[in-house]
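Report on the following structure.
Note: hydrogens, waters and symmetry copies are ignored here, and every other heavy atom, side chains too, is used. A note on names: the letters A, B, ... follow the listed sequences, proteins ahead of strands, and every chain is numbered from 1.
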Amino acid sequence: MRLRAVVEEVRGCGDAALLRVGAPEIAASAAPGQFVHIICGEDSPRVLRRPYSVFSVEGGTLGILLKVTGAGSRWLACRRPGDPLDILGPLGRGYASAAAGEEVALVAGGTGIAPLHFLAVELRREGVGCRLFWGMESASDFGHLPHRLGDLADTRLATMDGTLGAAGTVLDLLGDSGLDGVARAYACGPSAMLKPLHRLCEEAGIPLQVSVEERMACGVGACQGCAVPVVDDPPGYRMACRDGPVFPSVELDWERIE
Amino acid sequence: MRLRAVVEEVRGCGDAALLRVGAPEIAASAAPGQFVHIICGEDSPRVLRRPYSVFSVEGGTLGILLKVTGAGSRWLACRRPGDPLDILGPLGRGYASAAAGEEVALVAGGTGIAPLHFLAVELRREGVGCRLFWGMESASDFGHLPHRLGDLADTRLATMDGTLGAAGTVLDLLGDSGLDGVARAYACGPSAMLKPLHRLCEEAGIPLQVSVEERMACGVGACQGCAVPVVDDPPGYRMACRDGPVFPSVELDWERIE
Amino acid sequence: MTLATDLAGIRLPTPVLAASGTFGRGTEYAGLTDVEGLGGIISKAVTLRPCAGNPPPRLWETPCGLLNSVGLQNRGVEAFLREDLPELLSWGVPVIVNLAGFSREDYLETARVLRRAEGLSGIELNISCPNVKRGGLQFGAEPRVAAGLVAAVREVIDLPLLVKLSPNVPALGEMAAAVAEAGADGLSLVNTFPAMAVDIRTWRPRLGAVTGGLSGPALRPLAVRAVWEAYKAVDLPILACGGVSSWEDAVEMLLVGARAVAVGTALFREPRTPLMIAQGLKEYLLSKGLANVGQLVGKVLA
Amino acid sequence: MTLATDLAGIRLPTPVLAASGTFGRGTEYAGLTDVEGLGGIISKAVTLRPCAGNPPPRLWETPCGLLNSVGLQNRGVEAFLREDLPELLSWGVPVIVNLAGFSREDYLETARVLRRAEGLSGIELNISCPNVKRGGLQFGAEPRVAAGLVAAVREVIDLPLLVKLSPNVPALGEMAAAVAEAGADGLSLVNTFPAMAVDIRTWRPRLGAVTGGLSGPALRPLAVRAVWEAYKAVDLPILACGGVSSWEDAVEMLLVGARAVAVGTALFREPRTPLMIAQGLKEYLLSKGLANVGQLVGKVLA
Ligand SMILES: Cc1cc2nc3c(=O)[nH]c(=O)nc-3n(C[C@H](O)[C@H](O)[C@H](O)COP(=O)(O)OP(=O)(O)OC[C@H]3O[C@@H](n4cnc5c(N)ncnc54)[C@H](O)[C@@H]3O)c2cc1C
Ligand SMILES: Cc1cc2nc3c(=O)[nH]c(=O)nc-3n(C[C@H](O)[C@H](O)[C@H](O)COP(=O)(O)OP(=O)(O)OC[C@H]3O[C@@H](n4cnc5c(N)ncnc54)[C@H](O)[C@@H]3O)c2cc1C
Ligand SMILES: Cc1cc2nc3c(=O)[nH]c(=O)nc-3n(C[C@H](O)[C@H](O)[C@H](O)COP(=O)(O)O)c2cc1C
Ligand SMILES: Cc1cc2nc3c(=O)[nH]c(=O)nc-3n(C[C@H](O)[C@H](O)[C@H](O)COP(=O)(O)O)c2cc1C
Ligand code: FES
Ligand code: FES
């Protein structure tokens, strides 16, 4: 569950970076949708680890796709091969799989591609047909990554500025027919994307699993910091780190999610 | 007065490190006994700069001799050539010089060698005869540095563990005759060394200038944090950063200094 | 030489506990640290009835610190006794229940229910939670009010009673004295400090509950001073917490008067922190030729 | 768009000042920053008679924070007027005097002497210094006591009167209200928090005065919350300080109710901090299409 891992490679890809981390124990048991919890800077003002989805597993190597959004991710993006990394994982509950032969939709917003990439690899292996919809701000966000996804799935891209694929959001991309014939859907992205997607899937009667982002402290379910509103009776909270980060979208109380 | 300087070289020397920093403006005006004030880590828990004596000036390059005693100095010792460094300086008042032809004593404890090394270089240039007494814990503390000082001055070494020079403190090394014929004395080291040295010089009627170490915040005389007790009437405090770090030892209130 | 120590009548195998609200039932950390090696576990706040806690976001990181506004999320004392306590007790280390309430009657009724519990080592009376509108802190602001509550709880329950104080009072010594007088067996210091942060992009508070409590190394110097004030004021054992992250921090707390320390925020970064601290303390005692941590308590040369 | 703002009747060229006790007479920073670009300078505490301050060491660094126990070292109000004030005024920016005392009479007598001063823009009444045994904090702990002092000083002096409060009170709102009632023109929040650290090698306190005050980013979340509490409680302009190190921090303070900010500890690392903040504020206002910082004050969506 915990590891002194080693950075093997850091590849800039546009405004993001792809880290390859040697962490055999974690790699061996990680499932799509699970995350790792990383110390980003020993001698830093940061008291918390940073949660990152597993982007890929190849042999004993974990892939992590990260966007620099603050000091912690900047630190991470500046690692060099050979640097040690303190990682906990795999943590949380990932996506439930699909049946072989099914056609499923994967809907990603920005770095939300990370867990869905891993999921697509696994689903493909299991003979599930994947339609991948990915929206981002601009073509430059993730370097060549979008082009390489073609091998993995039936991939459709959208950018807000129209520099790659369709112009608009990933929901525009889905349009009226994107989910036609889809048995189930998987998503990861900002809640501004997940919310309407939830409605769309509900209307279409397609079961949807979403991975949510909530700020985390412990990452293991002990501090109750990463509360996600659920429609339980009475309405309460689940913990993103332990009960999620993947939830069936019908269990979440979207009214109380911003 | 302030500079984005550049690290040119970091040489480990025993348990210490010698940094060479390209900082032409500071180098041009620095005098022996003055110090620089350095940010040790942008993305760190440290709110304060760290004060370091100028060890040497060669062209536009400052030499800084540092011992790793905590996280700030560790950060500094880990710099690589080309790294930027945020430095203020030169700050404070240095040693008053001697007259050509005079014979003077320089008494250093540990990293106290730093300002005295710079002073010895300058005094030699001015035709002053220097006797350098340097005490340290062990031969390994400063690598080859002690051996190289021979060119600069009549150098005598002491180590607590007897691994280099005489066994004992630098005061043992001075003994009864070390100050014979000396017109003035200069010192830098822990107050456990400075205190008895002050008494020794007072008895021998030799004017002594000491560089003191006090924790510093602003480094420029604005915060009154680096108070040094003086024998003024009424007894008060001077600021190590602005009024010192070098003081005539008779001005200090040694009773109140630990 | 032994690390075992006595805290207000609670026999601790080591003087390093897991702080309230940060360790769950232990189970969560089971794969990451040896829970059995702890000096004790302090439960998350337990209230009479289930409590949903505050709306998210509940966390925000600040320079060397953490804001939380979890609030008193818990399933109520009955569920606690049924589901959590057995798991907490399964680790074989002392378990202390953090007792909170929204009114005096709440506290007392919960205490009465806890009286039935078997295996509990003590109570930490939480009169200092900055994360609830009613109750909590309101009992911790005024010595007279605090003393009244402590005395009433004291009558209800026989277990060792620690009172967890707010550090956010000008005359901490008076507060400590009032609580001691009222029958507390020990003090627990400090809870988080009331704090706040705002997202300048959205102009909204970083926390759903607007304000929260600051924990972590940022506040350690405030906690050290609070422990020292309390130590000078009263003759009660003190459980110190607030930013303790290393054995050096623990020694500092002992020197200013703590008998034991609790670790909270540091767990999130390094779940093994309490064990590493215990190991460090052991080596420190050995190196100093000391027989137990008691020989460090309050020994600061001030 | 303008950065100029009014603080309790003081016309500030920018809303970013140098905090009391951290900027000397300005001269010290002359080679390192453009002192003329400040929104104002608040003097080190001035007392009736000369005061030697506390024994060294006076500084200790903590995680993202700084402890200081300088105390009220100053040469007394007469020397201040003669030697320091002319230099402070020479920069052409508003000068506010931080007024401290050990007794009520001290405060009043000093205020009377300050009445003679020409060119002063205002008074910051310091009833919150944690670094003196008598006076200072003792006036800042009790609303009634604080109000009494403020009212008395108010009678003596006509200048804009800011009252610098201790954040270390449970009911900051009450304190703010009492001080407002007594005639303060504005509030200054926060002073340092009482704190302490111990050297575990020597078992001695890190500070010669044993305890000191915590400043810097570590305490910013506490300061933000204090400003917000005060803003909600009273209709007085607030000068905020406590860990402000960037323009983002300044915006945060404005959003919770500050009219202007003072920068202390951050100066030690980067003397140009106030100028960088002013520049950042300017760009922020422009980007938001705002005319002045007043349009941000208290606008947090809470
Ligand atoms: C389960 C999970 C999986 C994630 N997977 C990825 C991924 O694969 N790739 C990727 O680029 N990012 C991912 N994120 C977001 C990533 O954790 C944040 O971008 C990162 O923590 C930012 O840290 P920082 O110090 O750079 O930013 P700062 O903004 O300085 O962080 C301040 C605090 O806010 C928290 N925080 C900031 N942004 C987020 C966010 N979006 N979600 C949750 N907490 C946040 C930080 O953890 C930290 O506690 C994931 C988040 C979660 C919860
Ligand atoms: C005028 C002056 C000149 C100096 N010249 C040199 C030199 O040439 N070479 C050298 O190795 N060291 C020198 N020092 C000491 C050096 O500043 C400290 O070793 C350094 O600040 C330690 O920082 P740290 O983060 O590694 O240690 P920490 O112990 O983590 O520092 C914590 C705090 O204590 C302060 N501090 C720690 N040790 C000292 C000390 N000895 N003196 C003053 N403040 C201290 C730090 O500045 C910091 O604020 C000098 C000190 C002064 C005041
Ligand atoms: C997420 C979180 C939840 C907490 N919950 C409680 C609680 O329920 N009851 C309580 O008395 N203290 C609670 N605390 C306070 C801690 O027990 C501790 O007093 C405080 O965090 C300071 O210690 P630290 O700096 O080691 O975290 C909580 C702290 C955190 C960070
Ligand atoms: C070295 C030092 C000296 C101070 N002296 C005074 C003082 O004389 N009077 C006062 O009211 N505040 C004094 N303060 C407090 C500051 O004015 C300010 O309120 C506090 O440091 C918080 O702001 P900061 O985090 O930006 O430093 C001093 C602070 C420091 C660090
Ligand atoms: S992060 Fe602690 S419970 Fe999820
Ligand atoms: S360090 Fe500020 S006066 Fe010397």
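Annotation: side-chain contact (heavy atoms from CB on, under 4.5 Å) contacts of C:A230 (sequence neighbours excluded): C:A176, C:L187, C:L189, C:I238. For the salt bridge (Lys or Arg N to Asp or Glu O under 4.0 Å) test, no residue two or more places apart in sequence or in another chain qualifies with D:R58.
Contacts between D:L255 and chain C at a heavy-atom distance below 4.5 Å involve the side chain alone, from C-beta outward. Contacts of C:L67 with chain D are made by side-chain atoms alone, with heavy-atom separations under 4.5 Å and no backbone atom involved.
One side chain, C:S215 or C:T265, offers a donor N or O that lies under 3.5 Å from an acceptor on the other.
Atom CD of D:E248 is surrounded by more than 12 heavy atoms from other residues, nucleotides or ligands within 6.0 Å.
Among D:I200, D:V256, D:V224, D:L254, the residue with the largest count of heavy-atom pairs under 4.5 Å with chain C is D:I200. Looking only at heavy-atom pairs under 4.5 Å with chain D, the residue among C:V251, C:D199, C:V300 that has the most is C:V300.
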